[in-house]
Amino acid sequence: MSIKHNSRYRLLVSPFLEMDAKQKYGETGNPVYVWETIHYRLMSNKPLPEWVNEYLLETSKRIYAIKNPKKRAGEHLLRALGFRGGKDFSDFNTPDKQLFIYLLVQELRNDGYSVDEACSKVAQENEDLMLGEEGIKAYYYAEKKPYETRKAKLFQAMERCCGFFRK
């Protein structure tokens, strides 16, 4: 089952990815974040949010205003889309996507899959992520320690809270 049809993805992760993308776009002006939202909204069969529609309207005006598109058309188009060069892609990472991948892999690990088997299965079932098995594995290991740390802190806080109420 692809991410497109994954109900856990649509219900849990998509809103967080979109909030993160909107905030990052507002902070950086990097259009990759707008395109991430477009990608996930279309995959979830949801209408585009107003801030994305505004970007598309402004972009269409810039594209329509390109003079002599035959000369360096690709460069003109990238500029009209708001891209400033390779930097736009180098700082693009979504912590929520990383967490989502970690949870998918960990769910399979809990069912008895090895890390390699789980990463392979997640990559095959979620080709829309365009990461491949090695990319899935990299995201999994990048999130493993931060997730375990957050989980441990949560349980410690719960123990302190419960201990307080027991007294």
Side-chain angles (χ1 to χ4, degrees), residues 1-49 51-53 55-56 78 81-83 85-166:
M1 174 182 292
S2 77
I3 196 169
K4 183 184 222 175
H5 305 290
N6 191 318
S7 60
R8 283 180 305 218
Y9 164 78
R10 287 197 316 271
L11 294 174
L12 300 175
V13 178
S14 183
F16 295 110
L17 290 174
E18 187 179 314
M19 285 187 298
D20 184 53
K22 181 180 181 183
Q23 178 184 349
K24 293 253 173 82
Y25 177 67
E27 292 170 358
T28 67
N30 187 340
V32 171
Y33 297 109
V34 179
W35 288 100
E36 178 186 35
T37 300
I38 292 169
H39 174 77
Y40 291 118
R41 279 291 182 125
L42 292 176
M43 288 175 52
S44 300
N45 294 321
K46 291 182 176 181
L48 297 175
W51 68 275
V52 171
N53 288 332
Y55 163 84
L56 290 172
L78 286 173
L81 290 168
F83 290 98
K87 181 183 181 299
D88 292 319
F89 294 95
S90 64
D91 66 0
F92 176 64
N93 188 3
T94 307
D96 294 317
K97 186 190 308 181
Q98 185 169 294
L99 175 60
F100 173 66
I101 289 169
Y102 173 81
L103 293 173
L104 284 179
V105 171
Q106 195 57 40
E107 185 175 343
L108 292 171
R109 297 271 298 126
N110 294 341
D111 289 342
Y113 286 80
S114 71
V115 171
D116 289 341
E117 292 168 336
C119 290
S120 176
K121 187 170 176 66
V122 169
Q124 290 170 2
E125 292 180 356
N126 297 282
E127 291 176 350
D128 306 60
L129 292 172
M130 299 176 286
L131 291 171
E133 186 176 338
E134 291 304 313
I136 297 292
K137 196 179 296 184
Y139 272 65
Y140 173 76
Y141 283 116
E143 183 62 28
K144 186 175 179 166
K145 185 171 181 173
Y147 178 80
E148 294 299 325
T149 301
R150 286 192 305 272
K151 188 168 92 173
K153 286 180 180 179
L154 175 64
F155 284 131
Q156 288 172 356
M158 289 171 65
E159 284 177 3
R160 284 194 303 269
C161 181
C162 291
F164 174 79
F165 287 112
R166 280 190 221 145

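Heads up: numbering here begins at 1 and tracks the sequence. Computed from heavy atoms alone, side chains included, the values below leave out hydrogens, waters and symmetry copies. Fair warning: this is a prediction, and the values are worked out from it, not measured in the lab.
Y113 is linked by a side chain to side chain donor-acceptor pair (under 3.5 Å) to nothing, counting only residues two or more places apart in sequence or in another chain. Residues passing the salt bridge (Lys or Arg N to Asp or Glu O under 4.0 Å) test with K137, sequence neighbours excluded: D116, E134. For E27, there are no salt bridge (Lys or Arg N to Asp or Glu O under 4.0 Å) partners, not counting sequence neighbours.
Atoms OG and CD, on S120 and E133 in that order, are 4.0 Å from each other to the nearest 0.5 Å. A distance of 8.0 Å separates CD1 in I136 from CG in L104, rounded to the nearest 0.5 Å. Here the CG atom belonging to L108 is positioned 7.0 Å from the CD atom belonging to E125, to the nearest 0.5 angstrom. Expressed to the nearest 0.5 Å, how far NZ of K144 lies from CZ of R109 amounts to 6.5 Å.
For the residue pair Y33 / Q23, no side-chain donor-acceptor distance below 3.5 Å is found, with atom types taken as modelled. Using modelled atom types and a 3.5 Å distance limit, the side chains of W35 and Y25 yield no donor-acceptor pair.
The two residues A123 and G132 come nearest to each other via the heavy atoms CB-C, 3.6 Å.
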Next on the checklist: Using side chain to side chain contact (heavy atoms under 4.5 Å, CB included), reason through V105 and Y139 one step at a time and then give a plain yes or no.
Outcome noted: CA-CA 10 Å; V105 171; Y139 272 65; over 6 Å; no
Next on the checklist: Please determine whether side chain to side chain contact (heavy atoms under 4.5 Å, CB included) holds for the pair W51 and T37, giving the CA-CA distance in whole Å, both sets of side-chain angles, and the decisive distance to 0.1 Å.
Outcome noted: CA-CA 10 Å; W51 68 275; T37 300; 3.5 Å; yes
